[in-house]
Amino acid sequence: MACMQRRDVLFRGLGCGLAALSPAALRAAPSVLRVMTHNSFDLPRELLARFEQEAGVRLQLVKAGDAGEMVNKLILTKARPIADLVYGIDNTLLPRALQAGVLEPYTGPAASRAAAAELGEGVVPVDYGFVCLNVDKAWFAASGLALPTSLEDLARPAYAKLLVVQNPATSSPGQAFLMATIAGLGEEEAFAWWARMRANGVKVVRGWTEAYYTEFTRNGGTRPIVLSYASSPAAEVFYSKTPLAEAPTANLFIRGGVFRQVEGVALVRGGNPAAREAAGRFIEFLRSPAVQQALQTTMWMYPAEAGAPLAEVMREHATPPTGFDNPDPARMQAQARAWVQRWSRVVLK
Amino acid sequence: MKAPFGAGWLAFPGLFLGLMLAAPVLRLLHEGVAGEASVQMLGVWTDPYLRWRLLWSLLQAGATCVLALALGLPLAWMLARWQFPGRSAVMRLMMLPFVVPTLVAALGVLALWGPRGVLGEPLLAHGIDLGESPWLLLYGNLFFNVCLVVRAGVDALEHSSASQAAAARTLGATPWRVFWRVEWPAIRPWMMSSLCLVFLYCFSGFGLALVLGGQRYATGEVEIYRLVAHELALADASVLALWMLCLTAVIALTYAWIERRLAVPAPGWPVPRRRPRGAVQWLALGAVLGVWLLVCGAPLLAIAWRTLRALVSGSAGVLLEAQTWQALGNTLQFSGMALLLATALGLCHALGVLALDRWRTRRGEAAAGAWALAWRTLEYLPFVVSPVMVAFGLLLLYPDWTASLAILVGAYALLAYPFVARSVTAALDALPVSLVQVAATLGASPLRVWWRVVLPLVRPALRRGMAFAAATALGEFAVSLFLSRPEWTTLTTLIYQHLGRPGAANLDAALVLSGLLMVLALGAFALIEGRGRRSPQAHA
């Protein structure tokens with residue numbers, strides 16, 4: 001393994017050109033495993049290094065943008081894939097990937113082991129989370145306004161101009177929330193609600209960062225209700241600059257406002273056959289206890305492995321909801337694009 | 001003068017543009033068009049949503065030009081004609097916004113005008129929400145581009161002849177009349193040329209429009225990004241990209257044409273500067289400088305202020321993290337490698353322009369002129385072609401190279417090299433032919449003339465172009481589309497990474513890193529203005 005480390009040093013040094021410049025390094029050497037991920041992929045360096053040592057491969061992580069962009073890049077490069085493995089495909093995007101035929105089923109132990117959330121079709125679930133509304137506790141305490149208890153409340157004048165959401169056309173949580181409203185209220189009623197929300201001043205932004213860091217009252221914006229994740233209050237505690245006893249934000253679990261997102265890992269059809277064995281090991285690695293523990297406070301998701309213990313900060317500050325509203329997967333696949341287009345007409349145009 | 005090796009200079013940049021830009025875009029266009037039974041070229045104009053995107057792109061670029069001229073011309077005139085305390089400081093700081101990374105500038109604009117910004121909050125209290133208006137984007141455009149207009153104006157006014165203005169004054173013309181009848185006609189081509197450039201930047205701008213445009217005021221370029229990356233609607237994106245390209249090509253051609261007409265050696269006698277006289281003139285100067293500070297200085301001050309606040313409230317630790325150092329190292333390393341490549345490409349491209357211009361004057365044919373003009377225009381190609389189309393085209397064309405350093409450095413260099421090419425081209429245009437002829441008459445070989453006469457004269461422009469290229473590479477927004485490997489995290493991507501997670505510490509870390517990025521840009525800027533002050537007519 002000393003050779004591996006030398007290579008690593010060589011690579012990171014200034015002269016890293018040669019090793020990386022040549023595509024032969026990717027093609028000929030079977031010891032490279034190309035893993036495509038979304039930009040939020042984040043695991044401790046030591047864990048990844050240990051995997052590289054044990055599996056005898058070098059990991060080449062290709063971050064391909066947000067999850068939707070990642071799947072599109074996968075579909076676009078179908079004829080000559082740019083990865084052997086893809087992590088981060090979730091239940092909203094899986095139908096599109098399956099339809100395009102870019103994935104190959106995996107049948108190893110992790111695929112048959114029970115999981116807290118399933119994806120099906122030979123895609124191994126790694127983690128899951130809940131897209132839901134977060135509220136700024138301090139703002140609601142100061143204003144004296146009661147927390148909304150239903151989507152309908154949000155459309156009332158008392159809650160005018162309080163909510164910011166992400167555009168479903170450009171953001172995964174935005175799309176997830178749209179799905180939840182449709183599953184919770186029914187298609188027609190959901191779009192009627194969105195029309196009322198438009199009149200009531202719902203703010204739409206491009207992505208999560210704009211919503212959370214520009215519009216949310218906690219970070220200097222004007223909207224005390226933001227579309228985020230059930231784990232965000234725990235992350236607020238974890239990344240707080242002073243120790244906090246309780247989270248400054250809270251989850252708002254309401255009917256039609258919670259979507260369960262399950263993220264998984266899958267083999268890419270047409271990937272390098274020589275890397276197939278290592279790819280299987282990486283899938284198993286993602287379901288190993290160490291990764292299942294670590295991902296909770298790096299990617300802020302719940303572990304998919306049945307019975308995996310929750311990290312303390314997640315246990316105390318990110319209680320999962322008791323229910324959620326996901327549309328039927330087949331219907332979601334058939335309708336997703338039309339729904340997003342209709343949403344754009346109703347809310348933006 | 002004759003460039004050694006003649007048209008051979010065209011080969012390197014030509015090949016590079018072909019492989020890194022034209023081929024990927026054509027490949028993606030093919031992918032978009034091949035799958036469709038019929039492609040509606042006019043669909044963009046019949047769909048109200050897409051039509052608005054295109055029209056708004058044109059509109060905001062046009063509006064920026066008008067505003068930039070309204071603000072830039074008075075300032076340029078005062079800087080060129082008046083001597084006042086702090087004048088040289090203003091001249092030095094003028095180009096600073098141009099080297100500020102897009103992301104930092106956008107954060108600065110929001111810190112100032114955002115819902116809780118220094119000026120945005122009081123406005124919001126009066127019911128004025130700038131977040132849902134086109135003003136943020138226009139303001140951001142102005143922040144970046146006013147300096148180009150001022151710079152061009154000062155250069156032009158300093159080149160306009162003193163004797164004409166003096167004659168007009170002697171004949172009793174008021175200063176206003178002198179300006180309209182003598183000075184303005186003389187500097188008009190220069191101003192038009194800078195406005196063309198501003199229009200190009202604003203029309204095909206990506207980063208600023210993405211962050212500041214919001215939902216309603218995003219430009220065509222942002223729409224292409226959405227269509228390609230999020231919808232994989234390649235046919236629609238291709239049609240839109242083609243229209244954008246056609247429109248920018250017209251502007252770029254106009255610009256190159258004006259610039260070639262301006263390619264004359266500078267005349268001698270500049271108008272001497274004098275102190276403003278009387279309270280009115282001082283007041284006017286104060287007002288113009290005040291507006292300039294508000295547009296170009298305030299966002300930078302806002303970022304500096306928020307960075308300092310984050311630092312004193314205990315977030316300095318992020319500067320010591322291994323991750324930050326790695327990102328800093330990567331940023332410097334990629335910028336350095338890109339700069340080398342960009343310099344080589346830029347020099348070759350500029351020498352190619354020279355060779356073709358020589359060919360044109362020798363042959364005197366219209367065809368030769370057209371080739372020379374086309375090659376000149378190609379200098380702007382990397383500015384105007386959609387970076388999204390290039391990035392996705394590269395994926396399709398070179399799948400094995402997706403995560404290779406070659407593509408990454410190539411992408412950086414692609415976006416940075418026009419600065420070198422344009423700066424050197426402008427300097428070569430302004431080179432007095434007599435010097436070269438004298439050296440040749442005295443028996444110097446062409447190569448020797450190059451080494452001893454031309455290069456020393458062009459060097460300030462080269463350094464200036466390189467500094468702009470370096471500043472671009474440091475904070476380039478569009479390159480984040482190409483950055484794929486986590487160990488290649490740069491400061492820009494690290495800022496995004498922090499802004500992608502909840503928690504106060506992440507926001508502060510992003511601010512501190514933005515401050516760091518601004519300091520790096522300042523370093524590049526010091527290289528430009530600190531030593532290269534005497535570059536004769538380097539438009540940025």
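Order of the sequence lines sets the chain letters (A, B, ...), proteins ahead of strands, with each chain counted from 1. Side chains included, hydrogens not; waters and symmetry mates left out as well; all remaining heavy atoms used.
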* Determine yes or no for a side-chain-to-main-chain donor-acceptor pair under 3.5 angstrom, with A:K203 supplying the side chain and A:E215 the backbone. => no
* May I ask you to check whether A:W300 and A:S232 show a side-chain donor-acceptor distance below 3.5 Å? => no
* To do: Please check if the side chain of A:R80 supplies one atom and the backbone of B:D400 the other of a donor-acceptor pair under 3.5 Å.
  => no
* Flag if over 12 foreign heavy atoms under 6.0 Å of CZ, B:R216 -> no
* Asked: Are the side chain of A:S240 and the backbone of A:E236 linked by a donor-acceptor contact shorter than 3.5 Å?
  -> no
* For A:N167, is it the side chain, the backbone, both or neither that has a heavy atom under 4.5 Å from a heavy atom of chain B? -> side chain
* **Side chain, backbone, both or neither of B:L110 within contact of chain A (heavy atoms, under 4.5 Å)** => side chain
* Out of A:L74, A:V268, A:L85, A:D84, which one pairs with A:M36 under the side-chain contact (heavy atoms from CB on, under 4.5 Å) rule? -> A:L74
* To do: Against chain A, label B:L107 side chain, backbone, both or neither, depending on which of its atoms sit under 4.5 Å from a heavy atom there.
  => neither
* Structure fact -> Residues of residues 130-137 of chain A with a heavy atom under 4.5 Å from any heavy atom of chain B, in residue-number order, are none
* chain B heavy atoms under 4.5 Å from A:R223: which part of the residue, side chain, backbone, both or neither? -> neither
* Asked: More than 12 foreign heavy atoms under 6.0 Å from CH2 of B:W305: is that the case here?
  -> no
* Asked: Under a 4.5 Å heavy-atom cut-off, does chain B meet the side chain of A:A64, its backbone, both or neither?
  -> neither
* **Atom group of B:R501 that falls short of 4.5 Å from chain A, counting heavy atoms** => both
* Non-neighbouring partners of B:R27 that pass salt bridge (charged side-chain N to carboxylate O under 4.0 Å, His left out), sequence neighbours left out -> B:E31
* Structure fact -> Ranked by heavy-atom pairs below 4.5 Å to chain B, first place among A:A234, A:P248, A:G221 goes to A:G221
* Who among B:S315, B:G120, B:P502, B:A505 has the most heavy-atom pairs with chain A under 4.5 Å? -> B:P502
* Which of the residues B:N506, B:V228, B:L234 is involved in the greatest number of heavy-atom pairs with chain A at under 4.5 angstrom? -> B:N506
* Asked: Is A:R218 atom CZ crowded by more than 12 heavy atoms from other residues, nucleotides or ligands, each under 6.0 Å away?
  -> yes
* **Under 4.5 Å from a heavy atom of chain B, the part of A:S172 involved** => neither
* What part of B:L227 lies closer than 4.5 angstrom to a heavy atom of chain A: side chain, backbone, both or neither? -> neither
* To do: Check whether any side-chain N or O of A:T214 sits under 3.5 Å from a backbone N or O of A:A211 as a donor-acceptor pair, and report yes or no.
  => no
* Asked: When heavy-atom pairs shorter than 4.5 Å are enumerated against chain B, which of A:I82, A:T242, A:N72 gives the highest number?
  -> A:N72
* Asked: Can you find a side-chain donor-acceptor pair between B:Y225 and A:E69 that sits under 3.5 Å?
  -> yes
* Quick check: does any side chain N or O of B:W488 sit under 3.5 Å from a backbone N or O of B:A327, one acting as donor and the other as acceptor? -> no
